[in-house]
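Fair warning: this is a prediction, and the values are worked out from it, not measured in the lab. Here is the naming used below: chain letters follow the sequence lines, and residue numbers restart at 1 for every chain. Heavy atoms only: backbone and side chains are in, while hydrogens, waters and symmetry mates are out.
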Number of protein chains: 2
Amino acid sequence: MSKILLIDDDERLADLLTQYFEQHSLNLECSFTPSDGIARLNQDEFGLLILDVMLPEMDGFDLCKLIRKESDIPIIMLTARGEVMDRVVGLELGADDYLPKPFEPRELVVRIQNILKRTSHTRQNNKILNFDELVVNTDLRQALMSEIEINLTSMEYQLLELFALQPGKIFTRDEILNHLQGIEADVYSRSVDILVSRLRQKLKPMELIKTIRGTGYCFAGKIQ
Amino acid sequence: MSKILLIDDDERLADLLTQYFEQHSLNLECSFTPSDGIARLNQDEFGLLILDVMLPEMDGFDLCKLIRKESDIPIIMLTARGEVMDRVVGLELGADDYLPKPFEPRELVVRIQNILKRTSHTRQNNKILNFDELVVNTDLRQALMSEIEINLTSMEYQLLELFALQPGKIFTRDEILNHLQGIEADVYSRSVDILVSRLRQKLKPMELIKTIRGTGYCFAGKIQ
DNA sequence: TAGGATTTTTGACATATCTTAATGTATGGG
DNA sequence: CCCATACATTAAGATATGTCAAAAATCCTA
């Protein structure tokens with residue numbers, strides 16, 4: 001699951017989108033200034049960039065041009081000016097798509113998925129996560145324990161992948177619930193606990209999933 | 001330079017665009033009815049399709065779906081209804097982009113060039129998909145397992161190709177239904193399940209099709 | 001175009017998986 | 001050391017999925 005960077009000085013929008021994206025298994029990070037945004041781009045690997053046209057420090061168009069010089073990352077521009085010329089200019093700059101504000105989060109997500117589908121023609125991560133005895137292969141959606149495949153249900157696998165992609169990170173139950181497809185996040189249910197319990201059984205004798213009392217869980221594996 | 005087909009009953013627009021496109025070295029042909037449009041698509045090779053939503057005979061959305069069943073041609077939808085839901089539906093239908101009327105010819109051209117740029121790379125050269133033991137040849141519409149041809153029915157093959165073109169992608173049953181020819185998507189039927197079941201049998205002993213409970217299926221193969 | 005062969009769909013039932021409810025167990029504060 | 005709270009686990013019920021076999025639809029050949 002590749003990360004997405006938003007560069008926009010509107011903190012309220014950033015919060016809103018971060019939450020909404022989580023529900024759709026998209027990982028959003030936010031920069032409020034162009035300088036911070038560029039710094040992050042250089043530091044981390046992102047799969048897509050969302051760029052506001054109205055920014056402090058510098059114009060979004062210029063920023064787009066600047067980034068395009070150094071990277072092929074897909075860019076979606078957000079613009080308050082709805083005029084045609086602006087939109088065309090955005091596309092000619094090298095942006096992959098634009099969206100006039102205000103917009104529905106849902107439409108942004110659809111456009112993102114559309115672009116990601118096109119750019120990463122195959123949605124393969126090519127990631128093989130190796131934790132000593134345990135190996136998680138994200139291409140094949142399978143986990144091996146001492147070379148032998150563990151029989152995981154789809155939810156169990158998704159949970160394991162979530163953990164394995166960010167070992168050491170503490171996940172709350174809400175985060176886990178939102179990330180798993182086909183879960184009806186009611187008020188509060190024990191589903192996550194039981195899922196964790198089942199996964200622990202199948203991962204025995206390794207004790208990789210730690211409980212963080214009062215918070216959630218954490219995967220204590222060390223990548224080899 | 002590949003040809004572009006416009007399906008729209010507005011003859012004035014057709015003339016206007018034909019002229020404008022010529023200035024940009026784009027070759028535009030026009031159909032004024034869906035039936036004529038489909039006939040031309042079958043007859044000739046087009047690089048892109050522009051589709052109006054408001055058409056005689058049938059709805060543009062339905063037409064889009066229909067064409068998408070049989071072809072991967074890039075589609076841009078023109079719509080007079082500017083509402084978000086409509087637009088989203090357009091993209092979810094399998095269209096590659098949309099443009100609300102009225103629009104500037106210049107913007108349409110920019111979008112066309114954008115899409116052609118994107119699609120020209122990925123299309124074509126994916127004729128033989130190689131997954132270790134399994135090889136899918138889209139030219140011959142056949143699949144080989146350890147060098148031996150698997151006897152697949154046409155639906156089984158289509159499903160396999162759909163999967164194989166986007167390994168790792170999770171398909172919902174609806175998506176699968178829409179992609180397969182000759183399936184009348186009723187309210188809900190088990191056809192997809194049974195099709196998957198049959199394909200799994202024939203792909204044995206490889207376990208490439210994973211179930212994503214509550215969502216659909218996913219092809220877990222790694223391209224060699 | 002009829003009749004047989006193949007393929008797809010439907011309905012029924014088997015199986016797998018998830019959720020809820022209930023009960024047992026660990027943990028930390030007083 | 002005990003109690004309150006949070007977590008773990010079990011079992012049973014609810015859904016979703018797998019697959020068989022027969023009916024319906026389609027395709028093919030004569």
With B:Leu199, the side chain to side chain contact (heavy atoms under 4.5 Å, CB included) member among B:Leu152, B:Thr153, B:Ile150, B:Ile194: B:Leu152
Starting at atom [atom1] of [X], determine the distance to atom [atom2] of [N], rounded to an integer number of angstrom.
X        : N      : atom1 : atom2 : value
A:Ile194 : D:dC7  : CD1   : P     : 13 Å
B:Asp193 : D:dA21 : CG    : P     : 18 Å
B:Leu195 : D:dT17 : CG    : P     : 15 Å
B:Ile209 : D:dG18 : CD1   : C1'   : 13 Å
B:Glu156 : D:dT19 : CD    : C1'   : 14 Å
B:Gln201 : D:dT17 : CD    : C1'   : 15 Å

Once ring pair (Phe, Tyr, Trp, His ring centres under 6.0 Å) is applied, do any residues pair with A:Phe32, and if so which ones, sequence neighbours excluded?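 Testing A:Phe32 for ring pair (Phe, Tyr, Trp, His ring centres under 6.0 Å), a comparison that skips the adjacent residues, returns none.
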If each end axis of the helix from C:dT1-D:dA30 to C:dG30-D:dC1 is fitted on five C1' pair positions, the angle between them, to 10 degrees, is 30°
Output a table of nitrogen or oxygen pairs between the protein and nucleotides 24-30 of chain C separated by less than 3.5 Å.
| from | atom 1 | to | atom 2 | distance (Å) |
| --- | --- | --- | --- | --- |
| C:dT27 | O2 | A:Arg213 | NH2 | 3.4 |

Using only modelled atom types and a 3.5 angstrom limit, is any donor from either the side chain of B:Arg200 or the base of D:dG18 paired with an acceptor on the other? no
I'd like to know if the side chain of B:Glu161 reaches the main chain of B:Gln158, judged simply by a donor and an acceptor atom lying under 3.5 Å from each other, with no hydrogens or angles considered. no
Please tabulate, one pair per line, all N/O donor-acceptor pairs under 3.5 Å involving side-chain atoms of residues 208-219 of chain A, not counting sequence neighbours.
| from | atom 1 | to | atom 2 | distance (Å) |
| --- | --- | --- | --- | --- |
| A:Thr211 | OG1 | A:Arg200 | NH2 | 2.7 |
| A:Tyr217 | OH | A:Arg173 | NH2 | 3.3 |

Pair listing, salt bridge (charged side-chain N to carboxylate O under 4.0 Å, His left out) test, anchored in residues 26-39 of chain B, at least two apart: B:Lys3-B:Glu29, B:Glu29-B:Arg40, B:Asp36-B:Arg40
Determine which pairs satisfy salt bridge (charged side-chain N to carboxylate O under 4.0 Å, His left out) with at least one residue from residues 128-138 of chain A, sequence neighbours left out, and list them in order.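 Pairs touching residues 128-138 of chain A that pass the test: none.
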